[in-house]
Structures are given as C-alpha cells and as structure tokens.
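Written out below as structure tokens is the structure these notes cover.
Position 1 is the first residue of the sequence, and the numbers go up from there.
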Amino acid sequence: MGGVGEPGEGPAQPGAPLPTFRWEQIRQHNLPGDKWLVIERRVYDISRWAQRHPGGSRLIGHHGAEDATDAFHAFHQDLNFVRKFLQPLLIGELAPEEPSQDGPQDAQLVEDFRALRQAAEDMKLFEAKPAFFALLLGHILAMEVLAWLLIYLFGPGWVPSTLAALVLATSQAQCWCLQHDLGHTSVFRKSQWNHVAQQFVMGQLKGFSAHWWNFRHFQHHAKPNIFHKDPDVTVAPIFLLGESSIEYGKKKRRYLPYNHQHLYFFLIGPPLLTLVNFEVENLAYMLVCMQWADLLWAASFYSRFFLCYSPFYGLPGALLLFVAVRVLESHWFVWITQMNHIPKEIGHEKHRDWASSQLAATCNVEPSLFTDWFSGHLNFQIEHHLFPTMPRHNYRRVAPLVKALCAKHGLNYEVKPFLTALVDIIGSLKKSGDVWLEAYLHQ
C-alpha cells in the first residue's frame with residue numbers, strides 16, 4: 001500500500017501500489033473541471049472523462065467528492081463492463097483508516113441496504129418478464145388504432161372526438177411509463193436493445209427525444225428533490241418548494257403571488273407542462289445537442305399523427321386534437337409523477353447515503369390493479385428509486401424487504417391512499433406559499 005497521495009497525481013500505474021487519500025483531500029475536488037469520486041473505496045478522477053459519460057456530465061458530476069458506490073450499482077446493469085471504463089480513471093484508494101462514506105452517515109444502514117440489494121438479486125428480481133412488457137406495448141398500439149377507428153367509423157363529431165382524445169391521452173400516458181422502463185434498462189438484458197426500443201416509443205409514439213428525457217430524469221434519480229441537481233424541483237421563480245420558500249421570503253423576492261401558488265398551479269401546472277414546457281425544452285435539447293436521430297424519430301410521430309387525422313379534421317382541426325391530447329396527458333403526468341415527491345422534503349444537498357436520500361424524497365401510494373396500471377407502478381416510488389433498473393412488476397415482491405429495512409433503522413416508509421396523495425400536492429404548495437409570505441412580511 002502506498003503512502004497518502006497528493007492531489008494532482010495522475011492515473012495509477014498498472015502494478016504499482018495505489019496512493020491512498022483521505023476524505024479531506026477528496027472533498028477539495030468537487031469543482032467544475034476538477035471532479036473526483038469514490039466507488040468501492042477506490043478513488044477516480046473523472047474531471048476530463050465526465051463529458052463523455054453516457055448519462056451526461058451533470059449526472060456523474062452530482063456525485064463529486066462523494067462515495068458513489070450505491071449510485072454506481074443502481075444505474076448500471078453490467079458492472080464488469082462499466083468497470084473497464086473506470087480503470088483508466090483510477091488514481092488511488094481510501095486510506096485504510098478512512099470510513100467508506102464521508103460525513104455523518106449510518107454505516108450499518110449502508111451495509112444493510114447493500115445486503116438487501118444482494119438478496120433482491122438472488123431472488124432474480126432484476127430479471128424482466130418479456131410477456132409483461134409485450135402486453136404493455138400491445139395495449140398502447142391497440143389504443144392508437146382504436147382512437148383512429150372511432151373517428152373513421154363515427155366521423156369527427158364532438159362525441160367520437162372526445163372519446164378519441166381520451167383514448168389517445170391514455171395511450172400517451174402509458175407510453176411515458178413504457179419508455180421510462182426502457183430508459184432505466186429494465187426490459188432487455190442488453191442496454192443497447194433498451195435504448196433502441198426507448199427511441200421508438202419516445203420518438204415514434206410520443207414525439208419526444210429519448211436522450212433529452214434520460215438527461216433530465218437520471219439527474220432526478222441521482223439527487224431527488226435537491227435544488228439545482230434535480231430538474232423536477234428546480235422550478236423557481238414560478239413555484240416555490242421546500243427550502244426555497246424561506247429563501248425567497250427573506251430576500252424579499254416576489255415575482256408571483258406565491259401565497260396563492262396552490263391556486264394558479266391549476267392554471268399553469270397540469271395543463272401546460274407537457275404541451276409547453278416539455279415541447280420547448282425537448283426541441284431545444286435536440287437542436288443544441290445535435291440529436292438528429294431523435295429529431296427524425298420525433299418528426300415521424302408528427303407526420304403520422306397529422307396524416308392520420310388531417311383527412312377528417314383538416315390541419316387546424318388535427319392541431320386542435322393534438323393540443324387536447326397533450327393537455328389531458330399533461331394532467332396525468334403532473335399529478336401521477338408529483339404525488340410521490342412534492343409533499344416530501346425538498347431542499348439543498350444534505351450528502352446522505354443512497355437509501356436515506358431516496359426515502360427522504362419519496363413515498364408510496366396504496367397499490368391496486370387500477371393504480372398499478374394507471375400510474376405505471378410509480379405508486380411504488382420508494383422501491384423504484386432504491387432500485388431504478390428493477391422491472392416494475394417485481395416492486396410488490398421487494399416491498400416487504402424494504403419495509404423491514406426501514407423498520408430496523410427507524411426510517412419512514414410512507415404509504416398513502418391515492419386521493420390523499422393527490423390532495424397533498426396542493427397542501428404542500430399552499431404550505432410553501434404560506435411559509436414564503438410569513439418570511440416575506442416579518443424578516
């Protein structure tokens with residue numbers, strides 16, 4: 001074993017003793033262009049390589065100067081394959097006297113969570129059932145055909161058009177769920193197959209970029225409910241969530257009447273997220289990042305949609321149908337994806353271990369056959385966040401193990417009724433708005 005290393009040493013030489021580092025040295029390397037991280041007690045300099053990271057430089061950079069072992073296991077299927085890319089970045093290892101995690105983290109909890117993950121692997125809970133996902137794709141395609149047949153057989157009147165819009169919105173919602181599975185590589189054994197299938201579902205069936213979605217969604221999983229790391233909660237100055245309420249109040253910032261944000265949420269939140277924010281952000285990402293393949297996939301969706309419906313409605317009418325579907329779909333997306341997160345802790349980086357950080361930011365919704373299907377099994381948000389690559393049909397099986405872990409360590413395993421979870425979104429927004437108003441008036 002080599003002596004304590006000095007910052008700036010290059011990659012470890014094959015066969016040579018590895019330099020050792022203390023956490024106080026590693027903490028100094030969490031700057032733009034200077035990033036170290038720790039995986040399985042080995043220290044890696046990712047400063048130059050981060051830009052080539054398949055998940056994006058932001059995703060891996062969010063773990064700078066941290067123990068990223070559990071994140072490494074959570075995001076990757078074939079660990080041996082990924083380790084080949086890590087080897088040239090290896091610069092040393094933690095000194096023997098250093099703990100595996102930096103800061104006030106519960107080492108026993110970390111150990112028990114890793115044992116839980118191993119138990120899940122032994123139970124083959126990371127193996128997908130092809131028939132399950134084939135059925136999901138089949139029922140999506142069936143809904144697409146049904147919507148068109150409604151207009152073809154009954155004409156473009158209000159009743160068939162309304163029914164078609166509802167069917168299409170349901171199909172689009174289920175597409176979000178299926179592409180989400182594929183993005184997490186939880187369907188096929190080979191990552192490449194998942195990526196190709198995700199481009200088809202996200203591009204041809206939805207009109208969005210798979211790369212754009214993964215770019216923002218993986219950050220959400222890495223650091224859920226953490227400002228400036230999770231795009232889903234970095235929504236100020238439109239909405240104030242968690243700790244941002246106090247900050248804006250103390251600084252006398254009032255861009256909107258935040259004490260009424262639980263009311264204007266109904267006007268600009270669910271109706272417009274997918275139709276406006278996602279459409280603009282998605283297009284900008286494809287153009288700026290030159291994702292031309294994704295752009296062609298998205299163009300194929302719009303071509304198909306307008307070729308299918310313009311003969312019945314004309315171009316303006318087909319555009320109106322498209323807007324109606326996006327608005328309906330957007331309502332589903334906001335309520336279903338945020339019922340597990342907005343009411344939970346939202347704030348700045350706390351540098352918790354993987355299990356604690358995921359549990360602090362998530363809760364579950366009581367399962368039922370309808371809720372499981374309607375939410376794409378995102379009612380098992382705790383299990384999904386702890387094990388992102390686990391196929392969703394196995395969440396019910398791993399849930400008892402997660403509950404037992406939480407009970408042992410005094411962690412809150414929160415499960416809510418479906419309607420309560422929806423109402424809590426509004427309650428959380430109102431609470432944040434009231435906190436802002438109090439800080440605004442009295443500081």
Side-chain angles (χ1 to χ4, degrees), residues 32 35 46 48-63 68 71-72 74-78 81-82 85 133 136-137 140 172-224 228-235 273-305 326 329-330 333 337 376 378 384-385 388-389 392:
K35 296 277 186 182
I46 61 167
R48 296 182 180 179
W49 184 81
Q51 294 295 332
R52 291 184 288 155
H53 180 243
S57 60
R58 288 189 188 180
L59 173 63
I60 195 170
H62 290 338
H63 295 284
F72 176 73
F75 284 116
H76 302 104
Q77 279 185 321
D78 189 343
F81 175 75
V82 179
F85 295 90
F133 292 103
L136 287 177
L137 178 60
I140 288 170
Q172 289 293 295
Q174 291 300 309
C175 280
W176 277 119
C177 300
L178 181 55
Q179 73 82 26
H180 176 252
D181 298 320
L182 292 161
H184 281 297
T185 65
S186 62
V187 179
F188 298 106
R189 290 181 180 273
K190 293 187 177 180
S191 296
Q192 187 61 32
W193 293 4
N194 286 288
H195 297 325
V196 171
Q198 186 192 19
Q199 283 190 305
F200 169 75
V201 175
M202 196 61 160
Q204 164 56 219
L205 298 183
K206 287 203 61 62
F208 287 101
S209 163
H211 287 92
W212 160 76
W213 171 261
N214 293 340
F215 168 76
R216 64 172 290 133
H217 188 63
F218 292 167
Q219 293 183 73
H220 160 72
H221 270 272
K223 296 290 182 177
H228 310 302
K229 294 186 177 182
D230 179 359
D232 290 359
V233 298
T234 308
V235 293
L273 177 71
T274 302
L275 177 65
V276 178
N277 184 61
F278 277 8
E279 290 282 2
V280 172
E281 185 181 315
N282 170 71
L283 179 60
Y285 179 89
M286 289 190 290
L287 295 175
V288 172
C289 298
M290 296 183 288
Q291 294 290 347
W292 308 127
D294 283 6
L295 191 61
L296 288 174
W297 276 115
S300 72
F301 162 80
Y302 288 101
S303 299
R304 174 178 59 83
F305 186 92
R326 279 288 192 251
E329 165 198 356
S330 188
F333 187 96
T337 63
L378 292 181
H384 172 57
H385 265 257
T389 60
R392 56 166 137 146

Using side-chain heavy atoms (C-beta onward) and a distance below 4.5 Å, is Y285 in contact with D294?
no
Please round to the nearest 0.5 Å and tell me the distance separating atom CD of Q199 and atom OG of S209.
8.0 Å
Passing option when F208 is tested against Y302, W176, W213 for ring pair (Phe, Tyr, Trp, His ring centres under 6.0 Å):
W176
Is it true that H62 and H221 have ring centroids separated by less than 6.0 Å?
no
Within the distance-only criterion (no hydrogens, no angle test), does the side chain of Q77 pair as donor or acceptor with the backbone N or O of T185 below 3.5 angstrom?
yes
So F72 and V82, do their side chains get closer than 4.5 Å, heavy atoms only?
yes
Here the gap from L59 atom CG to F215 atom CZ, rounded to the nearest 0.5 Å, amounts to 9.5 Å
Could you pull out the closest heavy-atom pair between D230 and T234, with the gap in Å?
O-OG1, 2.9 Å
Any donor-acceptor N/O pair, N194 side chain to H184 backbone, under 3.5 Å
no
Side chains of L205 and F301 in contact at under 4.5 Å (non-hydrogen atoms)
no
CG of L136 to CG of L178: how many Å apart, nearest 0.5 Å?
6.0 Å
Should D78 and K190 count as an ion pair when the cut-off is N to O under 4.0 Å?
no
Closest non-hydrogen atom pair between G207 and A298, with its separation
O-CB, 3.6 Å
I'd like to know if the side chain of S57 and the backbone of Q51 have a donor-acceptor N/O pair within less than 3.5 Å.
no
I'd like to check F218 versus N214 (side-chain heavy atoms, cut-off strictly below 4.5 Å). Are they in contact?
yes
Show the nearest heavy-atom pair for residues C177 and G376, with the distance to one decimal.
SG-CA, 3.5 Å
Aromatic plane relationship, H217 with H384 - under 30° parallel, 30 to 60° tilted, over 60° perpendicular
parallel
Any donor-acceptor pair under 3.5 Å linking the side chain of S300 with the backbone of W297?
yes
Tell me if the CZ atom of R216 is crowded by more than 12 foreign heavy atoms within 6.0 Å.
yes
Sort out for me which residue in H63, R58, K223 forms a side chain to side chain contact (heavy atoms under 4.5 Å, CB included) with K229.
K223
Before giving the answer on side-chain contact (heavy atoms from CB on, under 4.5 Å), spell out for W49 and I60 the whole-Å C-alpha distance, their side-chain angles and the decisive distance to 0.1 Å.
CA-CA 10 Å; W49 184 81; I60 195 170; 3.7 Å; yes
Are side-chain heavy atoms of F333 and Q172 found at a separation under 4.5 Å?
no
CZ (R189) with more than 12 external heavy atoms under 6.0 Å
no
NE2 on H180 to CD on Q198, rounded to 0.5 Å:
9.5 Å
Approximate separation, where rounding is to 0.5 Å, of L273 CG and E279 CD
10.5 Å
Could you please spell out the steps behind the side-chain contact (heavy atoms from CB on, under 4.5 Å) verdict for L182 and V196?
CA-CA 9 Å; L182 292 161; V196 171; over 6 Å; no
Could you walk me through whether I140 and C175 pass the side-chain contact (heavy atoms from CB on, under 4.5 Å) test, one step at a time?
CA-CA 7 Å; I140 288 170; C175 280; 3.4 Å; yes
side-chain contact (heavy atoms from CB on, under 4.5 Å) between F278 and R326, intermediate numbers included:
CA-CA 10 Å; F278 277 8; R326 279 288 192 251; over 6 Å; no
Apply ring-ring contact (aromatic ring centres under 6.0 Å, His included) to H195 and H211, showing your working.
CA-CA 9 Å; H195 297 325; H211 287 92; 7.9 Å; no
Rounded at 0.5 Å granularity, tell me how far CG in L378 sits from NE2 in H385.
8.5 Å
Do side-chain atoms of R392 reach the backbone of D181 as a donor and acceptor pair under 3.5 angstrom?
no
